[in-house]
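One structure below.
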2 protein chains.
Amino acid sequence: MIAKDAVFGTRPEDRSPRDAILQRPSLGDEVYQRLVDDLIALRIPAGARLSVDGLARRFGVSQTPTRAALIRLEAEGLVVKKQFTGWSVAPLPSPEQFAKIFELRCLIEPASAAGAARLASPEALAELGSIAEEMRAMAAEDITGHRAKLVVLDSRFHSAIAAACGNELIEDALGRLFTQMHIFRLRYHSDVAQAVIEEHIDILAAIGARDPARAETAMRGHIEAGRERIEAHLDAAD
Amino acid sequence: MIAKDAVFGTRPEDRSPRDAILQRPSLGDEVYQRLVDDLIALRIPAGARLSVDGLARRFGVSQTPTRAALIRLEAEGLVVKKQFTGWSVAPLPSPEQFAKIFELRCLIEPASAAGAARLASPEALAELGSIAEEMRAMAAEDITGHRAKLVVLDSRFHSAIAAACGNELIEDALGRLFTQMHIFRLRYHSDVAQAVIEEHIDILAAIGARDPARAETAMRGHIEAGRERIEAHLDAAD
DNA sequence: CTTACGAATATCGTATCGGATATCTGGTGT
DNA sequence: ACACCAGATATCCGATACGATATTCGTAAG
């Protein structure tokens, strides 16, 4: 894998204590992770200035790891740098850019679903099942109260499929898209619809049945339906 | 655009002197560019250690911009970092990884060709034409003498199509793949075949005729033919 | 109200330092 | 001869101080 997806990894706790001793994360990694958390939760507004000095003081570290984190974030498109002006949070994707995200997803994700149907390990299937079940239970209880959490689980579901398809390049490419999409959806208060949960179960059933063709079409329908849901939501007043 | 493709940009000279005064690149950017040039030309072998101190002395800058460049390169997968050990040039892609590159290209590039057929500007068409013509003239003269140059032009041709398709996300995603592929091809002495040049002309004709469907199928055939050519080449002794 | 100038502020990059860790080297014991 | 262990070395990680330069913003003049 070229770049580990630190945003929507399917198992946040997969770094065992034993490994933590052998390879604890660097300070730069920790600053990066905290900034990612803040950014994808919209705790820092789009366009806000991110001064190296201010962030370093806030996190209690020096400028060296802070710069490292910002450079990584810049490479992922979450922040932008302007010469002699500094870093700032990347502007919100416009609806046009959002359409481009869906265009690319629609090229890649049907194939990732088909690949997952062929190659998913039993553990990966269990992971997918638990995410889908968690979303179903949560939505049955109260869909509006778990808005942010459902959006996170939706990203985790798609990331888990990408991770199971056997092609790390596909996983990386989709990971970048999911981050952008996540921020967009939180900002525009785009809920996870009830239909999403049912579509996830359809996709999971096809993958579990080892039916690549059905997984592919289910995923394609899911993405196109999602695009239409969000466009309808954007047309409505906000 | 999220991340400017600094590897196979179609116009290396598009930074006019006027702009250079208004926004000269940072030292980190310059170090990054020089390292990219060295890496994609294989002037630094795969696996070689890249010490921050050594590179800083070599380029006549301090460690700060050198680290910035290495972090960017790491995010693009050209170098890898090991905690407390340092950076080194990323290992060569294995044939399996190479197949995964083609798998992803085959998902995206037919769509980028179709998009270019719909949206390419006259300037973009002229650019594509000049690249295709340059390759044709070069190959007619002596194909083995211009091996490296033809590989570069091939990447530029595909990058120009990606840039013309109207979706920066597609352009970015493909840019990463082209870099990996370029290095792989140079390392394994995989020539640009005569057929490649003719296939490029077919694709260009379909784009120029504003025929998305034909551009899409031509591109798909081109990529699959390329995969088969390289697999045949790998099977042969090296 | 608009424009221009200059001080304050922040960034970019340099230089240097110390602690922590990996790697290499050489010696010792079996 | 080989495995194993300890010390030396090189490098990275991070902190800090400083100068050069660009941006920003308040203020004054037209």
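Each chain gets a letter, A, B and so on, in the order the sequences are listed, and its residues count up from 1.
Atom-to-atom, CZ of A:Phe59 to P of D:dG14 comes out at 14 Å; the value is rounded to the nearest Å. Rounded to whole angstrom, the span from the CG atom of B:Leu70 across to the P atom of D:dC12 amounts to 9 Å.
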Please list, pair by pair, any protein nitrogen or oxygen found under 3.5 Å from a nitrogen or oxygen in nucleotides 11-20 of chain C.
| from | atom 1 | to | atom 2 | distance (Å) |
| --- | --- | --- | --- | --- |
| C:dG13 | OP1 | B:Leu27 | N | 2.5 |
| C:dT14 | OP2 | B:Ser62 | N | 2.9 |
| C:dT14 | OP2 | B:Ser62 | OG | 2.4 |
| C:dT14 | O5' | B:Ser62 | OG | 3.4 |

Dump the pairs, protein N or O against N or O of nucleotides 6-10 of chain D, anything under 3.5 Å, distances to one decimal.
none

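Not a single side chain to side chain contact (heavy atoms under 4.5 Å, CB included) links B:Ala126 to another residue, sequence neighbours left out. With sequence neighbours left out, the side chain to side chain contact (heavy atoms under 4.5 Å, CB included) criterion links A:Arg229 to A:Ala193, A:Ala195, A:Val196, A:Glu199, A:His222, A:Ala225. Among residues two or more places apart in sequence or in another chain, the side chain to side chain contact (heavy atoms under 4.5 Å, CB included) test is passed with A:Ala56 by A:Gln63, A:Thr66.
To the nearest 0.5 Å, atoms CG (B:Asp37) and OH (B:Tyr32) are separated by 10.0 Å. Taken to the nearest 0.5 Å, the CG atom of B:Leu92 stands 7.5 Å off from the CG atom of B:Leu42. The distance from the CZ atom of A:Arg57 to the OG atom of A:Ser62 is 12.5 Å, given to the nearest 0.5 Å.
Taking the six-membered ring where the residue is Trp, the centroids of A:His182 and A:Phe8 are separated by under 6.0 Å.
Between A:Val192 and A:Arg185, the closest heavy-atom pair is CG2-NH2, 4.4 Å.
When each of A:Glu103, A:Glu96, A:Gln97 is paired with B:Asn167, the side chain to side chain donor-acceptor pair (under 3.5 Å) condition holds for A:Glu103 and for no other.
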CA sep, side-chain torsions, deciding dist, call: A:His189, A:His233, ring-ring contact (aromatic ring centres under 6.0 Å, His included)
CA-CA 9 Å; A:His189 307 289; A:His233 179 263; 8.1 Å; no
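Note on the helix from C:dC1-D:dG30 to C:dT30-D:dA1: terminal axis deviation equals 20°, with five pairs used at each end and the result rounded to 10°.
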